[in-house]
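Below, chains carry the letters A, B, ... as their sequence lines are ordered, and counting in each starts from 1.
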2 protein chains.
Amino acid sequence: MLTERQLLLLQVIIDDFIDTAHPVGSRVLAKKGTIPFSAATIRNEMADLEELGFLEKMHSSSGRIPSEKGYRYYVDHLIKPVSHNKYRGIVSKLVQEGIYEFEQIVQMSAEILSELTSYTAIILGPEIFETQLKQLQIVPLSSQTAVAVLVTNTGHVEHRMVSLPEAINASDLEKLVNIINQKLVGIPIVKLQNIFYTEMADIMKRYLDDYENSLNYLKAIFLTDYPVKVYVSGTSNMLMQPEFNDIDKVRSFYTLMDKEDELIKLLKDSTPGIEVTIGNENEVEAIKDFSLITSSLRHEEEQIGTIALLGPKRMEYRKVISLLKGLSNEMTNTLYMWYKDKE
Amino acid sequence: MLTERQLLLLQVIIDDFIDTAHPVGSRVLAKKGTIPFSAATIRNEMADLEELGFLEKMHSSSGRIPSEKGYRYYVDHLIKPVSHNKYRGIVSKLVQEGIYEFEQIVQMSAEILSELTSYTAIILGPEIFETQLKQLQIVPLSSQTAVAVLVTNTGHVEHRMVSLPEAINASDLEKLVNIINQKLVGIPIVKLQNIFYTEMADIMKRYLDDYENSLNYLKAIFLTDYPVKVYVSGTSNMLMQPEFNDIDKVRSFYTLMDKEDELIKLLKDSTPGIEVTIGNENEVEAIKDFSLITSSLRHEEEQIGTIALLGPKRMEYRKVISLLKGLSNEMTNTLYMWYKDKE
DNA sequence: TGTTAGCACTCCAACTTCTCGAGTGCTAAT
DNA sequence: ATTAGCACTCGAGAAGTTGGAGTGCTAACA
């Protein structure tokens, strides 16, 4: 329904605004020569585009800036993805070094990402869905405390302090750990809780003197949710963006960044693939002035983590999207190889 | 060398400025009634105090604000520490729950601290000086990779991915781990590197087929420095301080906060006890507008960590210092008990 | 009929000017 | 020694001024 010329115009206006952060006027646009029409014509078209809701003015005699609808159209229809060969291979290079666990790799990728874009990178997870128990170890520290160490097949290590039941003795503890390892190695972490109640209860009853106590003890290890970790990187890069000249925006931005649970909410239920949320499209009030681009990392239909970039609505969508796409693909492949290798 | 009256005046002026962030004028001060003299007299004294370098003016007809020398004098001589009974016991309560490792407790304390003061809390370490190896575990993930897990007597867990040497077989690996655990458990982590070269080399030669390879392999585990961790908490609280109305200050502040190595430099060589650095007293350029209060956590002469508060020069020194002192004592005691218990 | 030049109008941003109040330093009186 | 009084200073904020970049509309043009 938009004419060829309107499309071109919309594209050029948004590109220009993304580049300069200044409202775009007809005169300047005409002078640039990208559009073979006079300023007056451009003005007319601009008025139409505004009527259609793609552009808006800050005040009656300012240039036009893209509306959220405008950005949305731009993202959905006007961007031809550019592939960023330059950065291809970053992840696999990290993997090849062989000294990082998966979580570290995700984190490092995000740092690179925020460096490359000067927006803020936020990473969720990777969650332990689908990762399997490789080994459980319980190391007693004193008579009352021990540390439980859980290693997964992805090289991830979780640990947690636990208090030991009074009655348990060293040999029982050893037996317990052996049973667990025999029975539970290879089981996806998520399913541990179920199995724990069904199969384990029986077995433990048979082998252990102090069944009751041991059970309670294990609960502390397996039945608490392991915390989801959020990494944020590059917040100070973003302060250079002119939209942050407003001190209140800075305040509310950092207040959000400090609330881990809000960030988790932001990234938690992302759908597969790249998803772009512009301004008020997002339900979280605090980022109504921002755009958020998320890409969920998946392994066999399971979401195991999310990489996201948070920036001003005036974001370099073209660059960011292709970058994130590339990175995401690479991560997925890497992930696939990884699991295949470790199984 | 300062008269009684000058001391009183200095005290009141700084207190007032810390409270209101506004330059303090003679008239207002006289009206408040804390000083039984007229505004004119106060003016004269103020002029003297300025000449002595304790006060300064923003411009020729503004009220007085404390100079750095003024703050220094205030901190050194005019503060009578108030004990904060209210918050006593926070740490020991956390410890009693028995489910946190030492590092978590430090971190949580710092969060509380920043919440209580609305300044930024920075914590370094605790470093692994003096903590002893409790157990080493090597869990193979694939034919080429494994994860090495190191548990200390404080309940701290370090882990790292390592690539396995081609030639090594499962039984050798097991032997290796056994040797290490037999020989190295109880050794302070810092000394591992030395012992590794002296004693271990011999032993390994005797027991292992593939001595050369195993040695190289272990290097990766023991000879890399484990990273010092920095936790920062409460940065957004601080934005509410009026000194942060200047956007450039905010920018430079957050740029600093993003540089982990700078922060480490800031806290690394703190002397025992509480140390207050005001503005330019600190060598790090980026915090010349701030004051930093550090308290190093010690165990038997060794610095094992640092808690610090970063705030504007106009800081509530009285409150902050006593709070930090209390917390620090509590931590040290806790630490002492902890080690005693775990040894 | 689509395009363009021209013109009157709008509005912000940046700059100046003005005013006011809170502050000072100095002097003379107490 | 202390204080009251007075002239002076300076910055913060209000009010006014200007210029430029923008618009919308109309009329002329290909």
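Rounded to an integer number of Å, the gap from B:E51 CD to C:dC26 C1' is 15 Å. Rounded to an integer number of Å, the gap from A:H59 NE2 to D:dG22 P is 10 Å. A:F17 has its CZ atom 18 Å from the P atom of D:dA21, to the nearest Å. Rounded to a whole Å, the CD1 atom of B:I42 is 12 Å from the P atom of C:dG23. Atoms CE (B:M46) and C1' (C:dA22) sit 12 Å apart, rounded to a whole Å. Atom CZ of A:R43 and atom C1' of D:dT26 are 12 Å apart (whole Å). One atom, CZ of A:R27, and another, C1' of C:dA5, lie 11 Å apart when rounded to the nearest Å. In this entry the distance linking CD of B:E56 with P of C:dG23 reads 18 Å, nearest Å.
For A:K249 and A:E243, the salt-bridge test fails: no basic side-chain N is under 4.0 Å from an acidic carboxylate O. Look at B:E50 and B:R64 and you find a salt bridge, because one of the NZ, NE, NH1 or NH2 atoms lies within 4.0 Å of a carboxylate O, short of that distance.
Within the 4.0 Å cut-off from OP1 or OP2 of C:dG25, at least one side-chain nitrogen or oxygen of B:K57 is found. An OP1 or OP2 oxygen of C:dT24 is reached within less than 4.0 angstrom by a side-chain nitrogen or oxygen of B:R64. Taking 4.0 angstrom as the limit, A:S62 places none of its side-chain polar atoms (N or O) nearer than this to OP1 or OP2 of D:dA21. Between C:dT10 and A:S61, no contact under 4.0 Å exists linking OP1 or OP2 to a side-chain N or O. Dashed line: the shortest gap from a side-chain N or O of B:R5 to OP1 or OP2 of D:dT2 is under 4.0 Å. For D:dT23, the OP1/OP2 oxygens have no side-chain nitrogen or oxygen of A:S60 closer than 4.0 Å.
For B:Y254 and B:T235, the side-chain atoms include at least one donor-acceptor pair closer than 3.5 Å.
With respect to A:D15, the salt bridge (Lys or Arg N to Asp or Glu O under 4.0 Å) criterion is satisfied by exactly one of A:R314, A:R318, A:K319: A:R318.
Checking C:dA5, C:dG23, D:dT3 against the side-chain heavy atoms of B:F37 singles out D:dT3 as nearest.
Within 4.0 Å (heavy atoms only), B:M58 reaches no atom of the nucleic acid at all. Within 4.0 Å (heavy atoms only), B:T41 reaches at least one base atom of the nucleic acid.
Summarising the local packing, NZ of B:K265 is surrounded by 12 or fewer heavy atoms from other residues, nucleotides or ligands at distances under 6.0 Å.
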